[in-house]
Number of protein chains: 2
Amino acid sequence: MADVAEKAGVSRALVSIIFRDLPGAGRETRERVLRVADEIGYRPDNAARLLARGRSRTLGVMFTVHQTFHTDLIAGIYPEAERLGYDVLLSGTTPGRGEAKAVEALLGHRCEGLILLAPDAEPGYLDQLGHRAATVSVARRAPGAQVDLVHSAEGKGVRQAMDHLVELGHRRIVHIDGGRGPGSAERRRAYRAAMRRHGLADHVRVIPGAHTEESGIEAGRLLLAERDRGLPLPTAVLAGNDRCALGLLMPLTRAGVEVPRDMSVVGYDDSHLSHLMPIGLTTVRQDAVLMAEHAVRFAVDRLENPELAPREAVLDPKLVVRGTSGPAPQEPA
Amino acid sequence: MADVAEKAGVSRALVSIIFRDLPGAGRETRERVLRVADEIGYRPDNAARLLARGRSRTLGVMFTVHQTFHTDLIAGIYPEAERLGYDVLLSGTTPGRGEAKAVEALLGHRCEGLILLAPDAEPGYLDQLGHRAATVSVARRAPGAQVDLVHSAEGKGVRQAMDHLVELGHRRIVHIDGGRGPGSAERRRAYRAAMRRHGLADHVRVIPGAHTEESGIEAGRLLLAERDRGLPLPTAVLAGNDRCALGLLMPLTRAGVEVPRDMSVVGYDDSHLSHLMPIGLTTVRQDAVLMAEHAVRFAVDRLENPELAPREAVLDPKLVVRGTSGPAPQEPA
DNA sequence: GCGCTCTACTAGCGCGCTCTAGTGCGAGTA
DNA sequence: TACTCGCACTAGAGCGCGCTAGTAGAGCGC
């Protein structure tokens, strides 16, 4: 920077002004300085900039590398952050790299805001983070913690899905849950409530699962094994999320169970996977872009006003009926 | 830091030494300083640290948010980088966020090394990057550019797959290519060569595609439409990658084409998708972990010795036979 | 002529740390 | 005793910027 200043015959301060695009430099000088900088190959150094300015205007996003819905969210985070003048840094969790590590990496690179996609951490830890940076938890509640929350109204989504299935005549509706995955508890609860409400309390059945394809495959195998022992298949399955639904479809289709003729399957998320099947997956859409925008705005708002009380955005999910749900098959008399 | 120094009754320099875990501080003092720091809630500031040290020991990884194989690579990059004492920062490309932006974000955060997963940029641009940071391109050639290269021997992989199929009796083997995707050109070429080598030049057929599920679905529809017009289905398909293979399977299965009885399908990548199907996808494994490790080491080596000539790691892919490939169906006489 | 404002520009401190070149001191050696 | 050595520790100069307070000079009204 000093070199540029000297070569352009101005002070360092003016170079700084020009590179920050502030008023206070003549048209001509501005051009000359920029030209010289380009010649020298000068680029402002971010670390020094941060240090001097005290602010980084950077948001850190923690996500799970293999979670498709997260990538949808990320795609929504970038443009909104850019619009508000913030940088975005990503840090992933993998089977061998826990959340704490991922978060420390972000904090270590001076992220002022933290957007945690479906964190698995306990509220106490989140609260701690909330005091170190403007923290937003997506899809995971953190009661009492100093963090903002963005999630969808799981109850509403499940209710819509269940109403849809019941309307189609289904009675033996099974739920593969998402284990300790975010939103799973709520979805499970809403499933049970819906079954009761529709007078199907006797048919309530929750198969423990997770938000992975594997869990769907396993559940499918379980159901098929039961069928082979003479038990009836459920006529409909409400999966914990799309990945689980997709996994479930694999063994079913393989075994000749036709969807939706023999069984209806409903997913959750409307991740980009849902479009993949030629007939399309009936699913509950969580608007990833909208969630992402809320998360970014929460973080930014809090950065501009740290005193803000924790806020919560509850987005309405919406049932998207595609090809994997249809009328219940005739019950054998 | 000054506060800690004062409260512990030592100089700032000593605090610095202690926090960097260097020799030169007494056992007792060390403990006292750490205790005081903990009380005050002091954490070393990374920006200042970078600034003062002149090095960041940070690698930036550019990846495509929706590309499953990239997430496999990332999972391999983290541990290797940590082992070598480097931090990792991720920046994703999305449909609305080009590679240049993603890379600038990384550079802006002082990444000294750049690992580009399947960059789509021209060699000229890569060369430019190569001069700004230790750059490694994964899966994409960049002739003449100052970057290291990690890729797999596409030819060998395709040859193995083709040999496997031909051995199973297949003759009408179609290739859905990966468009301008990384490695596609090589795979296409190797497919053609293999067909010729097996005396199947007349059956060569490349369906233009991409490394996405959508392209697989489209190709599947195309083939089915042809069948409906009376043309024979190919007995085997070599897909551009796993995602494409998976997409292809959807319409086929739906249409009653049983895999592998009626048609064999071979993917490429062995991304974690491949295990998803109950019968498993026959695919060509590119060892993601190994590729990741090479990439990290290349970057680190170059950082420690910037004069290094561009290097290239060519990894041998390996055919993994799972359930989607089987003997060719009897040709109608 | 004076005071005023406005634009274009500069001096120099400070951000929080690292690092080089020391100082002081007790133990070991000749 | 005089010396070297090694250890624990310190002083202080940067790292590359941003920012506040300021100056010089031009233009303007009275």
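Each chain gets a letter, A, B and so on, in the order the sequences are listed, and its residues count up from 1.
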Checklist entry - For A:Arg43, which contact category applies under a 4.0 Å heavy-atom criterion: base, sugar-phosphate, or nothing? => result sugar-phosphate
Item to check | A:His151 and A:Glu312: side chain donor to acceptor below 3.5 Å | outcome: yes
Checklist entry - Just checking, is any N or O donor in the side chain of B:Gln146 or B:Asp127 under 3.5 Å from an acceptor N or O on the other one? => result no
Checklist entry - Does D:dG16 have a Watson-Crick or wobble partner in any strand here, with both distances under 3.5 angstrom, and which is it? => result C:dC15
Item to check | Atom-to-atom span, CZ of B:Arg57 to C1' of C:dC17 - whole angstrom | outcome: 17 Å
Item to check | Atom pair distance, as rounded to whole Å: CG in B:Leu50 and C1' in C:dC19 | outcome: 15 Å
Item to check | Rounded interatomic separation in angstrom, taking CG from B:Leu51 and C1' from C:dT18 | outcome: 10 Å
Checklist entry - Out of D:dC17, C:dC17, D:dA8, which has the shortest distance to the side chain of A:Met1? => result D:dC17
Next on the checklist: Let's test your reading of the model: under 3.5 Å, does the base of D:dG18 pair with the side chain of A:Arg12 as donor and acceptor?
Outcome noted: yes
Next on the checklist: Please confirm whether the shortest side-chain N or O distance from A:Arg49 to OP1 or OP2 of D:dG16 is below 4.0 Å.
Outcome noted: no
Next on the checklist: It should be established whether B:Ser16 places a side-chain nitrogen or oxygen under 4.0 Å from OP1 or OP2 of nucleotide C:dC19.
Outcome noted: no
Next on the checklist: Reading DNA chain C from 5' onward, which residue's closest nucleotide shows up sooner: A:Leu14 or B:Ala52?
Outcome noted: A:Leu14
Checklist entry - Parallel, tilted or perpendicular: which describes the rings of A:Phe63 and B:Phe63, with under 30° parallel and over 60° perpendicular? => result parallel
Item to check | Separation of atom CG in A:Asp3 from atom C1' in D:dC15, rounded to whole Å | outcome: 14 Å
Checklist entry - Quick one: on DNA chain D, does B:Ile17 or B:Ala48 contact a more 5' nucleotide (nearest heavy atom)? => result B:Ile17
Item to check | Which residue lies more 5' along DNA chain C, comparing A:Pro23 with A:Ala13 via nearest heavy atoms | outcome: A:Pro23
Checklist entry - Is there a Watson-Crick or G-U wobble partner for C:dA27 with both distances under 3.5 Å, and which nucleotide is it? => result D:dT4
Item to check | Polar contact flag, side-chain donor to acceptor under 3.5 angstrom, A:Ser152-A:Gln286 | outcome: yes
Checklist entry - Is any side-chain N of the basic residue among A:Arg141 and A:Glu186 closer than 4.0 Å to the acidic one's carboxylate O? => result yes
Checklist entry - With sugar-phosphate meaning primed atoms plus P, OP1 and OP2, does A:Gly24 contact a base, only sugar-phosphate, or nothing at under 4.0 Å between heavy atoms? => result base
Checklist entry - Is the shortest distance from a Lys or Arg side-chain nitrogen in B:Arg302 or B:Asp148 to a carboxylate oxygen in the other one below 4.0 Å? => result yes
Checklist entry - With nearest nucleotides of DNA chain D determined for B:Arg53 and B:Ser11 from heavy-atom distances, which residue corresponds to the more 5′ nucleotide? => result B:Ser11
Item to check | Rounded distance in Å - CZ (A:Arg32) to P (C:dA8) | outcome: 13 Å
Next on the checklist: Output the rounded distance in Å from CZ (B:Phe19) to P (C:dT18).
Outcome noted: 10 Å
Next on the checklist: Please report the distance, rounded to the nearest Å, between CZ in A:Arg55 and P in C:dG14.
Outcome noted: 23 Å
Checklist entry - Within less than 4.0 Å of OP1 or OP2 of C:dC9, is there a side-chain N or O belonging to A:Thr29? => result yes
Item to check | Rounded distance (Å) that lies between atom P of D:dC19 and atom CG of A:Leu22 | outcome: 8 Å
